[in-house]
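The structure under discussion appears below in the form of structure tokens.
Residue numbers count from 1 along this sequence. Both ligands and their constituent atoms are indexed starting at 1 by order of listing. For clarity, every value in this text was computed on a predicted model and none was experimentally measured.
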Amino acid sequence: MNVTTDDLRKKWLEFWKKKNHIIIPSAGVLPDNDPTALFHNSGMHPLVPYLCGQTHPEGRQLANAQKCIRTGDIDEVGDATHLTFFEMLGNWSLGDYFKKEQIEWSFEFLTQELNLPLEKLAVSVFAGDDDAPRDQEAADLWKAAGIPENKIAYLGKSDNWWAKGDIGPCGTDTEMFFWTGDEAAPKSFQESHNDPRWVEIWNDVFMTFNRKADGSLEELEQKNIDTGMGLERTVAVLNGKKSVYETDAFTEILAKIAELSGDPKLAINPLAETAAANSMRVIADHIRSGSMILADKVSPSNVDQGYILRRLLRRAIRHGKKLGIEGHFTVKIAEEVKKKLGHQYTELEKNWNFIVEELEQEEEQFAKTLETGEREFNKLAGKILEFSNKKELSGKKAFWLYETYGFPFEMTEELCAEQGLTVDKSGFDEAAKKHAEASRAGSEQKFKGGLGDTSVETTNLHTATHLLHAALKKVLGDHVEQRGSNITPERLRFDFSHGEKMTPEEKTKVENLVNEAIDANVEITCEETSVDDAKSQGAIGLFGNKYGEKVKMYTMGAFSKEICGGPHAEKTGNLGKFRIKKEEASSRGVRRIKAVLD
Ligand code: SER
């Protein structure tokens, strides 16, 4: 079969359109108001509020291709399967159709749209435990559709239960597998499901519960369908390839890297287990992710998303050096990313100047520190190898390399490994903890709460965020744009574009404006309308988000009008007193405010 990533995406979207789904645009890579994650990591992630019962302006049947970033495994990238950026194809029923339709449509898509031979397909369903019984209904539906009993496996929680995190919507699922072996597929899927030649290509979640903070399950008011298919991986499987790096998603990117390295032969086998092929894959993946993150206007920095971006870019740059690429090269790779994905994700084109500037700047800054840093590192490593029994670099030194030369820990670890040294990770962590900024970097699961949290506290803080956004525009000017919002039950955190530190007077003005809006106790209303109409009414939108045909617009008296999914307080008077606790830099040209409601 010869299917490209564009083909599969198109087939997917057209199929769901035929089934009366609205195709919604991909949300940006940054989650909005979600303190539990740095990036959107699945198709359902931006839809959590709607899966929990908020109404979606486009209706109850949705589908899309969503940009996802998973950075838990940056260090694994370089092998043949891991990606830090990928597209997830998804379809959703928000309290509309359920198991029967979904399983019938899944079967139809696999066997009629993708023409997959029945004998290579298998499915797994939930075997049952204390939380939920065996999903016999799903098994029966698969059988009715045409999957034979011997190709159905009944598996436990670790296989057939899907949850976004420790808290939030979850439920049993059914997964679909494709046989990639050369010989015929084994007879019994129950017995052979662990064989790696069965590759999972699609996951249908029957979202039935909400896991609460205390660990208990409550039934969701609406039962949802949430499905996800990894685009690149499925294309690889359909083409009989072992790796995503052998798909069209990477052909031109890898060829460009080979060309720049001066050894075009490198491109011939992207799966080779050589150090050079490994470096190529690292560069290809990291510049692809980096470009997608930059396209949503994140700059490299030492905290949060900016730090992940910095790690990706710096690791790629270092591997470029290993390949012998001379001079700046990241923009040339990013160009290939734009050629490949720009038609689907137009922000690559729209924010191209920003992407180029940031890449150039990061490359220049890193090149400077890298050279000095590597010299210092080699001196250090030489000393350890010569004088020390323990072939280990201390955590303190690793942190010193980080602070002084911008060496991400993972890079120091890699440099050490090349010389046969280990690094004391816990020592590094300890040193980092002492350093206020560094201690905030890199950790992904920091807060409780999240998009499933519709407590009064987070709802009020969300409303306060709108008032703050409006007040900042009034006090500082129209250049203020939201760059990130993160809400826990205790505080709000708001990132916005602004070049300078705010003066005490400006802060007081902003506080007063928000408190005036609260004291006015105006009613908060929500309307469904088109983006154009919302904009013509003066509503502000969220930066980086692309909207579908219909949006929800929240109005708070004359103070604020904003496109947003909700939920919000009923009246501004519910909020209490607003207080800014901190105003600081977040990355270049971006300020961060932390504020509370007393
Ligand atoms: N949420 C499920 C997943 O990520 C299905 O979309 O696999």
* Structure fact -> Shortest non-hydrogen pair, N224 vs G95, comes out as OD1-N, 3.1 Å
* Nearest heavy-atom neighbours spanning D166 and R211 -> O-CG, 3.0 Å
* Taking only residues two or more places apart in sequence or in another chain, which ones pass side chain to side chain contact (heavy atoms under 4.5 Å, CB included) with E149? -> K143, Y154
* Structure fact -> Counting only non-hydrogen atoms and a 4.0 Å cut-off, the residues near ligand 1 are S42, M44, M88, W162, N203, V205, D226, T227, G228
* Does K212 offer a backbone N or O that forms a donor-acceptor pair with the side chain of S216 under 3.5 Å? -> no
* To do: Determine yes or no for a side-chain-to-main-chain donor-acceptor pair under 3.5 angstrom, with E87 supplying the side chain and K67 the backbone.
  => no
* Pair R197 + D182: basic N to acidic O under 4.0 Å -> no
